[in-house]
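Note on naming: letters A, B, ... go to the chains in the order of the sequence lines (proteins, then strands), and numbering restarts at 1 for each one. Keep in mind that this is a model prediction, so the values were computed, not measured.
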Number of protein chains: 2
Amino acid sequence: MDSKIVNLRSKMEVYKAISGGGNFANCPVRDVIQGVSGKWSSLLMMALTEKPYRFGELRRLVPDISQRMLTQTLHDLQRDGYVHREVFPTKPPSVEYSLTDLGHSMFGALHQLILWAELNHDAVRDARSGFDAMQA
Amino acid sequence: MDSKIVNLRSKMEVYKAISGGGNFANCPVRDVIQGVSGKWSSLLMMALTEKPYRFGELRRLVPDISQRMLTQTLHDLQRDGYVHREVFPTKPPSVEYSLTDLGHSMFGALHQLILWAELNHDAVRDARSGFDAMQA
DNA sequence: AGTGCTGGTCTCTTTTTGAGACTGCCACTC
DNA sequence: GAGTGGCAGTCTCAAAAAGAGACCAGCACT
């Protein structure tokens, strides 16, 4: 029993998804996973799921992100259409970041992975320490 | 309407998940996402979902991965308990990689994201080219 | 004796990340 | 009117990670 997923994909379907059908730059899976894969992307998406945040708020919410990476990650998320950036002309101009519909939709899928991570983190940690013990 | 996800998590819950409750090294989300986030991890998991593969087969299946990264990614996946590595004492010894139960379980969650990626790739690409046009 | 397959490791270069100093603007305080 | 602090970044430089590709041992076949 190779899990239900196998029933959904033939060998060629898997290969096509992996390789992008020969056009690697255009492979959906790689392209989208790449966006999530950043060290900070998923964390920022999680935060913005709750409510829009300003630059400085996000910085405080994720204390160990550098300003440079916060700027860049938000920029990338905006470019991919997940995040909306709005500047308010207040005295010190403030910038608010919020999830777009596409962002919410994407997070719905990502959320499955987050839930799994929370549920199975112990199993992963055990596997890891077991593996490390073997090597030693 | 901030999507149903908001109903599932209070501000503190989000923060705890993001920060790992102050223990950053131990944050489940970061820890697991980190594993998926590698450029090749999800691709190899997809391939192994179908059936076990040998080193050289994987290399041919994902043509633009370097041997170094294939070795290392498989090693990491094995360490996290997603992949099982078995050496067969054939004439030129062959090595087979297969998904563990944990790996299958994890891929189930990851699969949601893959499906989303395939469905919404066009939207992401449109957002991206629109954004790039704005900047130009 | 040469070729090719196996599953890797080693070294070198390029790319990506991270830490943190620096900027310009404004408001408030002394 | 000089200093302090918050805002949203940019810039530079060092460190870490990824990628390319040469190299390795062992065996089989020719």
Taking [atom1] from [X] and [atom2] from [N], how many angstroms apart are they, rounded to a whole number?
{"X": "H75(B)", "N": "dA18(D)", "atom1": "NE2", "atom2": "P", "value": "14 Å"}
{"X": "R59(B)", "N": "dG8(C)", "atom1": "CZ", "atom2": "P", "value": "12 Å"}
{"X": "I65(B)", "N": "dG21(D)", "atom1": "CD1", "atom2": "C1'", "value": "15 Å"}
{"X": "F88(B)", "N": "dG26(D)", "atom1": "CZ", "atom2": "C1'", "value": "19 Å"}
{"X": "L70(A)", "N": "dT10(D)", "atom1": "CG", "atom2": "P", "value": "11 Å"}
{"X": "E57(A)", "N": "dA8(D)", "atom1": "CD", "atom2": "P", "value": "8 Å"}

Got [X] and [Y] here, is their nearest side-chain heavy-atom distance under 4.5 Å?
{"X": "W116(B)", "Y": "V124(B)", "value": "yes"}
{"X": "M45(B)", "Y": "L99(B)", "value": "yes"}
{"X": "D80(B)", "Y": "R125(A)", "value": "no"}

Review point. So what does Y97(A) touch, heavy atoms closer than 4.0 Å: a base, only the sugar-phosphate, or nothing?
Key: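 The answer is sugar-phosphate, as Y97(A) gets under 4.0 Å only of primed atoms, P, OP1 or OP2.
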
Using only side-chain N and O atoms of [X], determine if any of them is under 4.0 Å from OP1 or OP2 of [N].
{"X": "R60(A)", "N": "dC7(D)", "answer": "yes"}
{"X": "Y53(B)", "N": "dG7(C)", "answer": "no"}
{"X": "R54(A)", "N": "dA8(D)", "answer": "yes"}

**Study point:** Considering all heavy atoms, the nearest L110(A)-L113(B) contact
**Key:**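 Minimum heavy-atom separation between L110(A) and L113(B): N-CD1, 3.7 Å.
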
Could you go over nucleotides 9-18 of chain C and give all protein N or O partners under 3.5 Å, atom names and distances?
unit_1	atom_1	unit_2	atom_2	d
dG18(C)	OP1	K39(A)	NZ	2.9
dG18(C)	OP2	W40(A)	NE1	2.9
dG18(C)	N7	R68(A)	NH1	3.2

Check your understanding: Would the number of heavy atoms belonging to other residues, nucleotides or ligands and lying under 6.0 Å from CG of D126(B) be above 12?
Key ->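 Check passes, neighbour count above 12.
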
Point to revise | R59(B) atom CZ, neighbour heavy-atom count above 12 within 6.0 Å | key: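 Counting other residues, nucleotides and ligands, CZ of R59(B) stays at 12 neighbours or fewer.
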
Review point. Nearest nucleotide by nearest heavy atom, which residue falls closer to the 5' end of DNA chain D, P92(B) or E96(A)?
Key: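 Comparing both residues, the 5'-ward one is E96(A).
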
Exercise for review: Fit a plane to each ring of H75(A) and F131(B), take the angle between them on a 0 to 90° scale, and name the class: parallel (under 30°), tilted (30 to 60°) or perpendicular (over 60°).
Suggested key: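 Perpendicular.
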
